Undergrad: 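So that we are looking at the same thing, I have put the structure below in structure tokens.
None of these values were measured; they are calculated from a predicted model.
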Amino acid sequence: MAAADGPLRFATPQPLDHDELSAGARTAPRPSRLGEPLPRTSKRTAAALESLGIGSLGDLLEHLPFRHEDRREARPIASLAPGEQATVIADVRRIARRRTRGRVSLVEATVVDDGGTMKAVWFNQPWVADKLPSGTRVVLHGRADTRRRNSFVVSTYEVAPGVTAEDVGAEGLTPIYPATEGVTSDRLRELVKRARPLERESVEALPALMRASQGLPERAAALDAVHFPEDELETELARRRLAFEELLVLELEYLARRHAREESLAAAELPATDALVREWVKSLPFRLTRDQQRAAADIDADLASGRPMQRLLMGEVGSGKTVVALHAMLRARENDRQAALMAPTETLAEQHLGTLDRLLGGHLPIALLTSSTPPARRRDVLARLDSGELGMVVGTHALIEESVEFRDLALVVVDEQHRFGVRQRSALEDKAPPGLSPHVLHLTATPIPRTFRLMRYGDLDCTVLRGLPAGRRPVDTHVVDGARGRERAYERAREEIAAGRQVFVVCPLVEESDTLQARAATAEAERLARTDFRQQRVELIHGQMAARRKAEAMRAFASGEADVLVATSVIEVGIDVPNATVMLVESAERYGVSQLHQLRGRVGRGEHAGLCILFGDPSLPRLRALAEESDGFKLAEVDLAIRGAGEVLGTRQHGERELRVARLPDDIPLLERAHELAEGILVQDPHLEEPEHALLDAVRAARFGTRAERIAA
């Protein structure tokens with residue numbers, strides 16, 4: 001890194017005056033060689049690079065290493081500690097290839113230096129045995145095996161006749177890149193070194209005053225340090241600088257989408273006339289919680305604004321999201337408009353219909369539309385929606401079919417919206433009258449940490465239901481393993497059945513296959529009916545069953561005719577059987593924290609306490625967390641800390657690529673600061689039209705598209 005760049009650091013952030021943002025204006029980016037294609041390579045290498053998303057010199061420089069190996073000094077064999085990453089200079093004595101019992105190709109070489117001997121091991125690289133005959137001097141980079149003494153797993157190596165320990169330090173911290181078949185990390189490193197002079201042409205999107213206030217180096221300096229740092233601290237600080245820019249651009253995009261929607265789109269005004277809602281609230285057999293009242297007030301303000309609502313209603317299992325959603329749907333009916341609720345599965349849609357009908361007391365018509373709706377009933381529902389006679393409908397993906405037309409759709413409620421793709425959600429929204437966008441209320445029972453909401457739902461307003469209805473108690477949760485623990489679990493379940501209550505048994509997702517999961521549930525239902533619950537009535541439900549058979553099984557369980565319901569995770573959300581008090585989850589380690597939390601939320605919904613027993617390893621952090629914590633929002637933070645954010649912007653759900661540089665939850669402070677700065681920038685310059693923001697907007701547009709495309713999103 002050039003000395004002129006100054007030290008690479010993160011200074012204590014200084015307040016950034018909005019008036020200062022007008023200084024340091026920049027012009028649009030000049031043409032750059034970064035867009036040029038890569039130097040000529042073989043077809044095989046070119047195809048491999050393309051599979052990594054590398055098609056230009058700029059792509060190559062943005063392909064960042066995921067770690068660095070310390071090659072600043074060579075270590076004697078005798079000094080290596082188990083698990084230590086090191087560089088070793090040694091001579092090959094013997095080398096041979098073989099296959100393990102699992103048919104893994106293995107090359108083992110006996111290597112020596114002045115002080116010791118060890119076994120060097122290469123996995124799945126059989127050609128190495130032909131390239132390193134006895135007597136070859138090699139520089140090995142890798143890690144000392146933690147399980148086998150005097151064994152060294154090699155990541156990369158060089159044949160280096162006559163090399164000494166004094167020669168090794170020149171390579172320093174060596175970047176290790178994500179690679180693939182056809183192009184190795186070493187080859188990528190060579191290509192990056194050749195493109196290194198072009199780092200100076202990297203677009204500097206951050207205004208100078210912002211960089212100064214945040215203690216950020218120039219982008220080119222950070223890019224160089226990420227690839228070829230002088231020490232570990234430098235590479236981490238450089239990564240954080242690039243991560244900050246990535247998060248800032250993301251937050252600007254989400255907030256700008258919201259602003260664009262508010263400026264450019266109109267929705268039907270749905271003022272609170274109380275022609276329906278007031279009397280409906282009075283008729284409920286319970287009082288709305290304070291959180292529900294606040295959520296209803298937020299939604300009322302949105303509906304009356306004339307701008308399309310995009311609100312995420314997030315709440316614990318049993319916190320009353322359905323009641324709030326019905327409140328919004330009735331506001332649409334008060335104004336002689338239509339409302340639709342879309343659920344991801346038929347089972348959940350049917351449950352919603354039953355719940356809404358019960359809450360309405362049968363006083364207002366509401367219908368169900370799924371792929372299993374009989375033809376005659378389907379024709380009737382479609383005709384009534386088209387004429388406006390039917391004001392409220394619950395359905396699945398069937399609602400977005402071309403044949404479904406609404407007279408005046410004004411409100412869309414999307415339950416478990418993360419299970420729908422962008423196009424599926426927008427297809428329902430497109431059924432609003434020409435020139436108007438519908439109000440959209442997204443529901444989720446998966447608690448989401450605030451920082452994660454900034455990432456995935458940054459363009460939505462969020463309302464949280466934290467309180468539970470009066471009388472609801474936390475579900476007692478235990479993690480058990482072993483035959484004795486399992487026997488006692490079944491005994492407790494039978495005790496509950498004997499007391500007149502019911503039991504769920506959930507089978508694991510063996511593979512990403514509904515068919516295999518259905519087989520597992522079927523086999524378990526048959527086994528339990530023969531053994532542990534042979535005196536009880538066992539029913540089965542899974543996603544591969546015919547809709548009629550699923551409805552029959554749910555009716556039998558909901559009515560109390562069946563004591564035990566064996567199911568797949570199809571019952572994860574929406575199933576409401578107040579008499580069910582026990583949840584048994586097989587192979588609980590196969591589920592995530594939020595999924596397990598939702599599963600246990602299926603029990604204890606009535607007057608009796610709930611019991612959840614997870615069959616799994618009690619030492620697993622996520623299972624231990626479930627046993628110790630009942631607050632779903634705290635569990636969400638635990639889950640984020642354990643697993644990381646992963647693909648925060650899933651391509652299936654959001655049409656955007658994952659974060660390349662930022663790491664959550666480690667970079668949460670950067671995310672918070674980026675969000676704060678993005679809000680400040682857009683207050684002063686809502687369309688990023690000021691000269692100092694031209695490059696920032698260019699980077700944003702390159703990733704997310706034009707402003708017109710943003711409005712459409």
Undergrad: Measure from the side-chain N and O atoms of Glu629 to the backbone N and O of Asp631, and report whether any donor-acceptor pair falls under 3.5 Å.
TA: yes
Undergrad: Do Gln598 and Gln595 have side-chain heavy atoms sitting under 4.5 Å apart?
TA: no
Undergrad: Does either side chain, that of Ser305 or that of Glu269, offer a donor lying less than 3.5 Å from an acceptor on the other one?
TA: no
Undergrad: Measuring from atom CG of Asp476 to atom CZ of Arg600, what distance do you get when rounded to the nearest 0.5 angstrom?
TA: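 Rounded to the nearest 0.5 Å, the CG-CZ separation comes to 9.5 Å.
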Undergrad: Heavy-atom distance under 4.5 Å between the side chains of Val505 and Leu528, does that happen here?
TA: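 Counting from C-beta outward, Val505 and Leu528 do come under 4.5 Å.
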Undergrad: Cut-off 3.5 Å, side chains only: do Arg605 and Thr581 have a donor facing an acceptor?
TA: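 No, no side-chain donor-acceptor pair sits under 3.5 Å.
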Undergrad: May I ask you to decide if the ring planes of Tyr490 and Phe533 are parallel, tilted or perpendicular, using 30° and 60° as cut-offs?
TA: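 Rings of Tyr490 and Phe533: perpendicular, as their planes differ by over 60°.
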Undergrad: Got a sec, which residues hit side chain to side chain contact (heavy atoms under 4.5 Å, CB included) with Asp300, two or more places apart in sequence or on another chain?
TA: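 Asp300: side chain to side chain contact (heavy atoms under 4.5 Å, CB included) contacts with His327, Arg331.
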Undergrad: Evaluate the side-chain proximity of Leu626 to Leu614: yes if any heavy-atom separation is below 4.5 Å, no if none is.
TA: yes
Undergrad: Do side-chain atoms of Thr345 reach the backbone of Leu348 as a donor and acceptor pair under 3.5 angstrom?
TA: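 Yes, because the side chain of Thr345 sits within donor-acceptor range (under 3.5 Å) of the backbone of Leu348.
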Undergrad: Would you give the length of the straight line joining atom CE of Met545 to atom OG1 of Thr347, rounded to the nearest 0.5 angstrom?
TA: 9.0 Å
Undergrad: Return the CG to CG distance between Leu599 and Leu584, rounded to the nearest 0.5 Å.
TA: 11.5 Å
Undergrad: Side chain to side chain contact (heavy atoms under 4.5 Å, CB included) between Val323 and Gln292: does it pass, once the steps are laid out?
TA: CA-CA 8 Å; Val323 173; Gln292 287 172 326; 4.1 Å; yes
Undergrad: Locate the shortest heavy-atom distance separating Leu399 from Lys431; write the atom from each residue and the value.
TA: O-CE, 3.1 Å
Undergrad: About how many Å separate CD1 of Ile400 and CG of Asp430, when rounded to the nearest 0.5 Å?
TA: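 That separation rounds to 10.0 Å.
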Undergrad: Assess the side chains of Thr463 and Arg311: does a donor N or O sit below 3.5 Å from an acceptor N or O?
TA: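 Present: a donor and an acceptor within the cut-off.
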Undergrad: For residues 280-288, which side-chain N or O atoms pair as donor and acceptor with protein atoms under 3.5 Å away, sequence neighbours left out?
TA:
residue, atom, partner, partner atom, Å
Trp280, NE1, Leu359, O, 3.1
Ser283, OG, Trp280, O, 2.6

Undergrad: Where is the tightest heavy-atom contact between Ala367 and Leu390, given as atom of each residue plus distance?
TA: CB-CD2, 3.6 Å
Undergrad: Do other residues, nucleotides or ligands put more than 12 heavy atoms under 6.0 Å from the CZ atom of Arg377?
TA: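 Atom CZ in Arg377 is not packed in, count stays at 12 or less.
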Undergrad: Are any of the side-chain heavy atoms of Ile613 and Met583 separated by less than 4.5 Å?
TA: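 When only atoms from C-beta onward are counted, Met583 and Ile613 do not touch, as no gap falls below 4.5 Å.
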Undergrad: Answer yes or no: is there a side-chain heavy-atom contact under 4.5 Å between Thr355 and Leu353?
TA: no
Undergrad: Quick test of your reading of the model: are Arg549 and Glu539 salt-bridged, counting only N-O distances below 4.0 Å?
TA: yes
Undergrad: Any luck finding a side-chain donor-acceptor pair between Gln502 and Asn579 under 3.5 Å?
TA: yes
Undergrad: Indicate yes or no for a side-chain donor-acceptor contact from Gln338 to the backbone of Asp408 under 3.5 Å, with no hydrogens or angles considered.
TA: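 Yes, the answer is positive, given that a donor and an acceptor are paired below the 3.5 Å cut-off.
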Undergrad: Where is the tightest heavy-atom contact between Ala325 and Val413, given as atom of each residue plus distance?
TA: CB-CG1, 4.1 Å
Undergrad: Assess the residue pair Met554 and Leu565 against the criterion (side chain to side chain contact (heavy atoms under 4.5 Å, CB included)); give the C-alpha distance rounded to whole Å, side-chain angles, the decisive distance to 0.1 Å, and a yes or no.
TA: CA-CA 8 Å; Met554 277 308 307; Leu565 182 65; 4.0 Å; yes
Undergrad: Ignoring hydrogens and geometry, is there a side-chain-to-backbone donor-acceptor pair from Arg602 to Val582 under 3.5 Å?
TA: no
Undergrad: Could you please spell out the steps behind the side chain to side chain contact (heavy atoms under 4.5 Å, CB included) verdict for Phe406 and Val393?
TA: CA-CA 10 Å; Phe406 293 81; Val393 64; 3.8 Å; yes
Undergrad: Mind checking the CD1-CG spacing from Ile497 to Asp563? Nearest 0.5 Å is all I need.
TA: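 The CG atom of Asp563 is 5.0 Å from CD1 of Ile497, to the nearest 0.5 Å.
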Undergrad: In terms of side-chain heavy atoms, does Arg407 have a donor or acceptor partner in Ser387 at a distance below 3.5 Å?
TA: no
Undergrad: I'd like to know if the side chain of Arg333 and the backbone of Arg337 have a donor-acceptor N/O pair within less than 3.5 Å.
TA: yes
Undergrad: Quick one: are Asp461 and Arg258 in side-chain contact, heavy atoms under 4.5 Å?
TA: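 Answer yes - side chains close enough.
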Undergrad: Using atom types as modelled and distance alone, determine if a side-chain donor or acceptor of Glu589 lies under 3.5 Å from a backbone N or O of Gly616.
TA: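 Checking the backbone N and O of Gly616 against the side chain of Glu589, no donor-acceptor pair under 3.5 Å is found.
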Undergrad: Verify the distance criterion only: is there a donor paired with an acceptor across the side chains of Asp302 and His439 at less than 3.5 Å?
TA: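 Looking only at side-chain atoms, His439 and Asp302 do not form any donor-acceptor pair under 3.5 Å.
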Undergrad: Where is the tightest heavy-atom contact between Ala328 and Ile299, given as atom of each residue plus distance?
TA: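 Of all heavy-atom pairs spanning Ala328 and Ile299, the closest is CB-CG2, 3.8 Å.
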Undergrad: Start with the C-alpha distance between Glu346 and Thr396, add both sets of side-chain angles, then the distance that settles side-chain hydrogen bond (donor to acceptor under 3.5 Å, both in side chains), and finish with yes or no.
TA: CA-CA 6 Å; Glu346 289 189 3; Thr396 57; 5.4 Å; no
Undergrad: Please check this pair: side chain of Ser559 against backbone of Phe557, looking for a donor-acceptor N/O pair closer than 3.5 Å.
TA: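 Checked: no pair found.
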Undergrad: Within a strict 4.5 Å, meaning less than it, do heavy atoms of the Thr322 and Leu341 side chains meet?
TA: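 Sidechains of Leu341 and Thr322: no contact.
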Undergrad: Rounded to the nearest 0.5 Å, what separates atom CE in Met329 from atom CG in Leu360?
TA: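 The CE atom of Met329 sits 8.5 Å away from the CG atom of Leu360.
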Undergrad: Can you confirm whether the side chains of Glu429 and Ser437 place a donor and an acceptor under 3.5 Å from each other?
TA: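 No.
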Undergrad: Between Leu313 and Val324, does the side chain to side chain contact (heavy atoms under 4.5 Å, CB included) criterion hold? Intermediate values first, please.
TA: CA-CA 9 Å; Leu313 180 61; Val324 176; 3.6 Å; yes
Undergrad: Crowded around Glu561 CD? As in, over 12 foreign heavy atoms under 6.0 Å?
TA: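 Yes, CD of Glu561 has more than 12 neighbouring heavy atoms, counting only those of other groups under 6.0 Å.
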Undergrad: Answer yes or no: is there a side-chain heavy-atom contact under 4.5 Å between Tyr591 and Val585?
TA: yes
Undergrad: Provide the closest heavy-atom pair for Leu250 versus Arg703 in the form atom of the first, atom of the second, distance.
TA: CD1-NH2, 4.4 Å
Undergrad: Determine the minimum heavy-atom distance between Pro271 and Ala304, stating which atoms define it.
TA: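 Shortest heavy-atom contact: CA-CB, 4.2 Å.
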